[in-house]
Protein chains: 2
Amino acid sequence: MRPLFHPSIDDVRLEAILHALSDPVRVEIFANIAGAACALGCQAFVTVGDRVIPKSSLSQHFKVLRESGLIRSEREGVEMRNVSRCTELDQRFPGLIAAIMAAHTREKAAAA
Amino acid sequence: MRPLFHPSIDDVRLEAILHALSDPVRVEIFANIAGAACALGCQAFVTVGDRVIPKSSLSQHFKVLRESGLIRSEREGVEMRNVSRCTELDQRFPGLIAAIMAAHTREKAAAA
DNA sequence: TACCATAGTTCAGGAAATCGGAACTATTGA
DNA sequence: TCAATAGTTCCGATTTCCTGAACTATGGTA
């Protein structure tokens, strides 16, 4: 198992962020991680909405989020701690993540 | 040639917007359209950066932008008038487009 | 030490999206 | 009617995405 790659904040690309968050499963995961009080493992997301996500797919989704610079993951014993990089991201692209998350929240609220 | 489809503003999906703008050619096109004083035809984008975009690809890119709700295109004689739907979009997702465009501008400025 | 359970990664092949050349359509002007 | 311009559509080739199966890493138990 190769060590997990995290881009330095200066290498974070807008394109990668938008791509990462343009997937319904990934925004949902990111929204949960960003809104959580403490770090979450991947197991927290075996279902997203009512859909069951196979763990190989989940792993890929986390990889996309990680390599786009949206989250940081580190191993903690047998599981993973995932935290968002919101603070750094907001310095690089002020207001971006907040606006996307607000749009996501608004859309979800409208659907309900 | 089928009539061009434009989603009503309430049907615009965040997912579709992020996907549309996660492509370097499309953000560039959208940024130009959004920043232009008057409507632009597709011919304005036969090259993006230094890259030549084949017109079939260009047509697909415009379709993605259109169907995601980012732009409105209508035929004006032999060519197309493309305008952004920023005002409507900002009502649906306040600050979203502005934040993405600001990030795009910032990233481009840093690269130069 | 060995063995098991859990959490996540990697691999591989099939499905789906994307790219771009060639052919087609629509409109204008001569 | 013919030619030119602006886009669209079609379709085959490439690329990306999805996911079951196999693998890796760590911790616990004896």
Side-chain angles (χ1 to χ4, degrees), chain A residues 1-6 13 15-30 32-33 36 38-68 71-83, chain B residues 1-6 13 15-30 32-33 36 38-68 71-83:
Chain A
M1 226 171 270
R2 341 183 154 131
L4 303 177
F5 172 73
H6 293 90
R13 311 284 280 97
E15 185 182 329
I17 290 181
L18 298 185
H19 172 251
L21 295 179
S22 70
D23 178 276
V25 173
R26 287 192 299 258
V27 228
E28 199 54 43
I29 292 175
F30 180 73
N32 276 278
I33 291 179
C38 61
L40 299 175
C42 303
Q43 292 304 304
F45 305 98
V46 278
T47 62
V48 171
D50 283 346
R51 209 175 130 211
V52 176
I53 312 295
K55 64 180 191 169
S56 57
S57 305
L58 258 188
S59 181
Q60 290 303 323
H61 285 315
F62 273 92
K63 185 180 182 189
V64 171
L65 289 170
R66 194 160 54 229
E67 301 196 343
S68 70
I71 65 172
R72 198 177 284 285
S73 320
E74 29 182 292
R75 183 178 273 281
E76 172 117 338
V78 77
E79 64 180 29
M80 220 69 165
R81 291 165 47 86
N82 295 290
V83 292
Chain B
M1 223 172 273
R2 340 181 156 135
L4 303 178
F5 172 73
H6 294 90
R13 310 284 282 96
E15 184 182 330
I17 289 181
L18 299 184
H19 172 252
L21 296 178
S22 70
D23 178 275
V25 172
R26 285 192 298 258
V27 230
E28 199 55 44
I29 292 176
F30 180 72
N32 276 278
I33 290 178
C38 61
L40 299 175
C42 303
Q43 291 303 304
F45 305 97
V46 276
T47 63
V48 170
D50 282 347
R51 205 175 132 211
V52 175
I53 313 295
K55 63 181 191 166
S56 57
S57 304
L58 212 45
S59 181
Q60 289 303 323
H61 285 315
F62 273 91
K63 185 180 181 187
V64 172
L65 290 170
R66 194 160 53 229
E67 301 196 343
S68 70
I71 65 171
R72 196 176 285 284
S73 319
E74 29 183 291
R75 182 177 273 280
E76 172 116 338
V78 79
E79 66 180 26
M80 220 69 166
R81 291 164 47 87
N82 295 290
V83 292

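The structure presented is a predicted model; accordingly, all values stated were derived computationally and were not measured. Order of the sequence lines sets the chain letters (A, B, ...), proteins ahead of strands, with each chain counted from 1.
Note on B:R26: nothing from the nucleic acid sits closer than 4.0 angstrom, heavy atoms only.
Between B:D23 atom CG and D:dT15 atom P the separation is 16 Å, expressed in whole Å. Atom CD of A:Q60 and atom P of D:dC17 are 9 Å apart (whole Å). What separates CE of A:M80 from P of D:dT24 is a distance of 17 Å, to the nearest Å.
Between A:F45 and A:V25 there is no side-chain heavy-atom pair separated by less than 4.5 Å.
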Under 3.5 Å, which donor-acceptor pairs do the side chains of residues 46-63 of chain B form with other protein atoms, sequence neighbours left out?
unit_1 : atom_1 : unit_2 : atom_2 : d
B:H61  : ND1    : B:R26  : NH1    : 3.2

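Atom CG of B:L40 and atom CD of B:E79 lie 9.5 Å apart (nearest 0.5 Å). Note that CG of A:L21 is 10.0 Å distant from OG of B:S22, once rounded to the nearest 0.5 Å. Put simply, CG on B:L18 and CG on A:D23 are 11.0 Å apart, with the number rounded to the nearest 0.5 Å.
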Contact letters for nucleotides 25-30 of chain D, in which S counts primed atoms plus P, OP1 and OP2 and B counts the base, heavy atoms under 4.0 Å
SBS---
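Minimum interatomic distance between A:A20 and A:L65 (heavy atoms only, all atoms of both residues): CB-CD2, 4.3 Å.
In terms of the side-chain hydrogen bond (donor to acceptor under 3.5 Å, both in side chains) criterion, B:R75 has no residue partners (sequence neighbours excluded). Residues satisfying the salt bridge (charged side-chain N to carboxylate O under 4.0 Å, His left out) test with A:E15, not counting sequence neighbours, are none. Under the rule for a side-chain hydrogen bond (donor to acceptor under 3.5 Å, both in side chains), the partners of B:S73 that lie at least two apart in sequence or sit in another chain are B:R66, B:N82.
Within residues 46-59 of chain A, the residues approached by DNA chain C to less than 4.0 Å at the level of any non-hydrogen atom are A:K55, A:S56, A:S59, in residue-number order.
Distances shorter than 4.0 Å separate some side-chain N or O of A:H19 from OP1 or OP2 on D:dC17.
Bounding nucleotides for the chain B contact on DNA chain C, 5' to 3', at a heavy-atom distance below 4.0 Å, are C:dT18 to C:dT28.
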